Amino acid sequence: MRLNCPHCGPRDRREFYYYGAAAYLDRPSPDAPAQAWDDYLHNRDNPAGMTQDLWYHEQGCTAWLKVTRNTVTHEIIAVDAVATPKASGGMA
Amino acid sequence: MPDLIAKPALGAAPLTIAGTTLSENGATQITAIAPYPGSQAALAQALRPLGLTFPAPNQFTEHGDVRLAWSGRDQAFLIGGEAPADLPAAVTDQSDAWVSLQIAGPQARAVLARYVPLDLRAASRGQSLRSALNHLPLLLMVEAPDSYTLMTFRSMARTAWAELHEAMIKVEARLALT
């Protein structure tokens with residue numbers, strides 16, 4: 001399996017660390033109802049088909065990546081940097 | 001202030017197997033430069049006296065013996081020279097944190113193929129790639145298609161050397177069979 005890192009190009013899975021569902025990016029506000037926090041911390045979908053999760057390019061550029069993939073066909077549809085160079089004002 | 005003596009990580013003599021040589025590069029000054037957000041123009045200006053530009057991902061730029069090698073997102077290593085004062089960047093001295101090895105020769109790529117998950121067949125001078133040497137963190141710089149600089153954590157220098165030595169022996173053994 002390879003992920004096409006937006007900074008480094010296509011790289012072997014060994015360079016990456018799997019973090020979990022991309023739902024981690026949608027942190028509820030501190031005063032959100034308990035149900036929202038329960039969903040955020042504990043409840044995950046287990047879709048047959050399209051899913052999005054977070055990977056960390058640990059042995060590479062150290063960027064967090066949001067990977068869109070298909071759990072049925074194993075196709076990797078998209079790999080996006082969570083913090084884009086534009087958003088962070090950096091240069092990648 | 002005590003007078004500190006710079007010591008090489010290994011002090012190992014170069015090793016040549018199957019016409020391919022593994023050697024340790026001498027200790028040099030390494031400075032990590034992580035530009036502050038939005039500092040592109042100011043940084044380019046500040047680097048001008050060195051004759052360097054901030055490298056694109058997977059690249060290094062160089063001027064004389066001084067090199068600026070991309071080493072991660074929004075970060076590059078200045079190798080072999082003094083960082084200018086007041087750079088618009090987070091600047092840290094990394095000189096004693098890394099060991100630098102050189103592997104060069106016709107079997108260099110075959111040796112690295114045993115540990116490094118990169119396709120180096122299309123490697124060309126000027127590339128600076130973050131990856132792994134087996135389990136060790138790696139910054140690999142391509143000097144020529146059959147010559148590579150390998151930087152890993154200094155604390156792991158002996159492991160890196162031992163594993164590369166082992167792979168060189170195996171590659172030579174395989175060559176004898178074919």
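Reckoned from all heavy atoms, side chains included, excluding hydrogens, waters and symmetry mates. Note that the coordinates shown come from a computational prediction; the quantities given were computed from them, not determined experimentally. Note on naming: letters A, B, ... go to the chains in the order of the sequence lines (proteins, then strands), and numbering restarts at 1 for each one.
- Not counting sequence neighbours, A:Y17 has no partner by the ring-ring contact (aromatic ring centres under 6.0 Å, His included) test.
- The cluster map of Ile, Leu, Val, Met, Phe, Trp and Tyr, joined by side-chain heavy atoms under 4.5 Å apart, puts B:M141 and B:Y115 in the same cluster.
- Here the closest heavy-atom approach between residue A:E15 and residue B:L118 is recorded as OE2-CD2, 4.1 Å.
- When all heavy atoms of A:Q59 and B:A132 are compared, the pair lying nearest together is NE2-CB, 3.7 Å.
- Applying a 4.5 Å heavy-atom cutoff, none of the residues of residues 19-56 of chain A approach chain B.
- Once rounded to the nearest 0.5 Å, the distance linking CG of B:D119 with CG of A:D12 reads 11.0 Å.
- Residues B:W98 and B:L68 do not share a hydrophobic cluster, defined by chaining ILVMFWY side chains whose heavy atoms lie under 4.5 Å apart.
- Linking Ile, Leu, Val, Met, Phe, Trp and Tyr residues whenever their side-chain heavy atoms come within less than 4.5 Å places A:M1 and A:L65 in a single cluster.
- Close approach to chain A, defined as a heavy atom under 4.5 Å from one of its heavy atoms, is seen in no residue of residues 148-178 of chain B.
- The interface of residues 123-131 of chain B with chain A, defined by heavy-atom distances below 4.5 Å, comprises B:L129, B:R130, B:S131.
- Taking hydrophobic clusters as Ile, Leu, Val, Met, Phe, Trp and Tyr residues chained together by side-chain heavy-atom distances below 4.5 Å, B:L138 does not share a cluster with A:L3.
- Hydrophobic cluster membership differs between B:L87 and B:I30, with clusters built from Ile, Leu, Val, Met, Phe, Trp and Tyr side chains linked at under 4.5 angstrom.
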